[in-house]
Amino acid sequence: MRLPRASHTALLLCFAAATLTGCSGSGSGSVNRSSDAAGAARRSSAAPSVPADSRRTELTFAEASPSGAADLRRTTERLRARARALGLTDVRVEAHEDAITVTGPSVDEKRLMTLGVSGRLGFRPVLALETPGATQVPQPSPSASSDPAQRRAVTEGLRPRAAGSASASALPVPAEGNAQDMALQRRFAALDCSHRKRRASERDDPAQDSVVACGADGGASSLRTKYLLGPTAVDGSRVASAKAVRDQQTGNWIVRLDFDSVGTRRFSALTGNLSGNTAPQNQFAIVLDGTVISAPSVSQRLGGGTADISGSFTRESAEQLAATLDSGALPAPLALTSVTRLPHA
């Protein structure tokens, strides 16, 4: 049985409140991100770019923080790989001294902008969460089941709820004198997720640290959940491949992830550890560039090595997310500094 989902939007990618499915297939090995076969498969499914006219747009991305020439070259190659995966064939990506320019048809301007998304992905355990206006009442943990339908990690953390509903958790009380834990709790209490502009530092939180983060923005009328998260259990480098496909049961677009062998073991351990906890500590957060795009709960270990992110994706948004995750995070994080509409050729 499929449970209802709530829609959300994160940055330039149109995300839904996602459901993560642990599939029963065997764990996959590492996959070369630049594989010709993988690139051909993605290009065959990507929507073609057909300019309506000859107008072109040039985007300039500057380094968000200084990096070496090698990182800038690698970042340039990943932007080119993302463009190919999206079927953007008439696009030129060039590296300069401290910036990268992307030039392509103006009709594809929005998709060109998504090429510069950092794409830093991580799976973190949820320690606490809070939705504005909700009471802090813990929820019971679902029991484990052998029913395959119960193996779906159902997204609950980002669903907007009415005031007074049970969607927030009380913070765990740190040991007396633990200044680091107390400082983290103060950050969580002070975090204001009502503002759409995120802190730049949210993108750079160390993987080994506990952090605070906001849920994806679901629109002007929706409340944004805030999270207290543990250290990263699985990072995006352990995603061997990501592709946009249609769900055979629903016909909806989903993003299918295959973990490498290390990622498969770590994801299995993460879900196994969380499955016996009470809510919300039976949830893990999928964090993309500092924003929680989904926070599924689990009732048992998920060890298949494959996961589906599903929701109300369009073909375009699913392909954008898949291209970002498949290419991996950018070695040199970028900031869009200018958009220039070029005259007709």
Side-chain angles (χ1 to χ4, degrees), residues 2-3 5 8 10 13 15-31 33 38 41-42 45 119-126 142 144-145 147-158 216 229 232-250 252-275 282-289 291-313 317-329:
R2 295 180 179 270
L3 301 183
R5 308 179 180 91
H8 298 268
L13 301 176
F15 292 113
T19 297
L20 191 75
T21 305
C23 300
S24 58
S26 60
S28 60
S30 296
V31 176
R33 296 184 186 278
R42 290 193 299 274
S45 64
R120 186 180 179 190
L121 180 72
F123 296 77
R124 292 175 177 264
V126 173
S145 169
D147 181 357
Q150 296 301 317
R151 295 182 184 179
R152 288 186 176 272
V154 182
T155 300
E156 293 290 343
L158 299 181
L229 306 174
T232 299
V234 188
D235 64 40
S237 68
R238 296 305 174 184
V239 175
S241 67
K243 53 184 176 291
V245 298
R246 281 192 180 275
D247 188 304
Q248 294 183 353
Q249 296 181 6
T250 66
N252 296 328
W253 284 96
I254 62 175
V255 177
R256 178 154 294 159
L257 306 180
D258 288 308
F259 295 108
D260 65 12
S261 58
V262 174
T264 296
R265 291 195 300 271
R266 291 180 180 177
F267 185 67
S268 177
L270 170 65
T271 55
N273 291 337
L274 298 179
S275 62
N282 65 341
Q283 296 175 230
F284 62 89
I286 305 172
V287 186
L288 181 66
D289 292 338
T291 294
V292 176
I293 62 172
S294 177
S297 63
V298 291
S299 60
Q300 62 183 298
R301 183 184 301 272
L302 304 175
T306 301
D308 290 344
I309 303 177
S310 63
S312 55
F313 283 112
S317 63
E319 288 175 348
Q320 287 172 354
L321 178 56
T324 298
L325 299 183
D326 192 66
S327 67

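Since we're looking at a predicted model, the values are computed, not measured.
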Would you mind reporting whether [Y] and [X] have side-chain heavy atoms less than 4.5 Å apart?
X	Y	answer
V292	L229	yes
V239	F259	yes
F123	D235	no
I293	V287	no
L302	V298	yes
I286	L121	yes
T271	F284	yes

Exercise: identify the closest heavy-atom pair between A242 and L257: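 Minimum heavy-atom separation between A242 and L257: CB-CD2, 3.6 Å.
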
Ignoring hydrogens, what is the shortest heavy-atom contact between A244 and A322? Give both atom names and the distance.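 Closest heavy-atom pair between A244 and A322: N-CB, 3.6 Å.
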
Given the rule in the side-chain contact (heavy atoms from CB on, under 4.5 Å) test, do R238 and T264 qualify, once you have shown the distances and angles that lead to the verdict? CA-CA 8 Å; R238 296 305 174 184; T264 296; over 6 Å; no

Please tell me whether S297 and N282 have a donor and an acceptor in their side chains that are separated by less than 3.5 angstrom.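 The criterion, which ignores hydrogens and geometry beyond distance, is not satisfied for N282 and S297.
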
Can you confirm whether the side chains of D326 and S241 place a donor and an acceptor under 3.5 Å from each other?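 No, S241 and D326 have no side-chain donor paired with an acceptor closer than 3.5 Å.
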
Of D247, V255, N252, the residue whose pairing with F313 passes side chain to side chain contact (heavy atoms under 4.5 Å, CB included):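 Of the listed residues D247, V255, N252, the side chain to side chain contact (heavy atoms under 4.5 Å, CB included) partner of F313 is V255.
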
If I take atom CD from residue Q249 and atom CD1 from residue I254, how far apart are they, to the nearest 0.5 angstrom?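 Result: 9.5 Å between the selected atoms.
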
Once you round to the nearest 0.5 Å, how far does OG of S275 lie from CD of Q300?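 So the OG of S275 and the CD of Q300 are separated by 7.5 Å.
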
Without swapping roles, check the side chain of T324 against the backbone of Q320 for a donor-acceptor pair under 3.5 Å.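 Such a contact is found between T324 side chain and Q320 backbone.
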
Donor-acceptor contact below 3.5 Å, side chain Q283 vs main chain V126: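 Absent.
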
T232: partners by side chain to side chain donor-acceptor pair (under 3.5 Å), with sequence neighbours left out: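 Listed in chain order: R124.
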
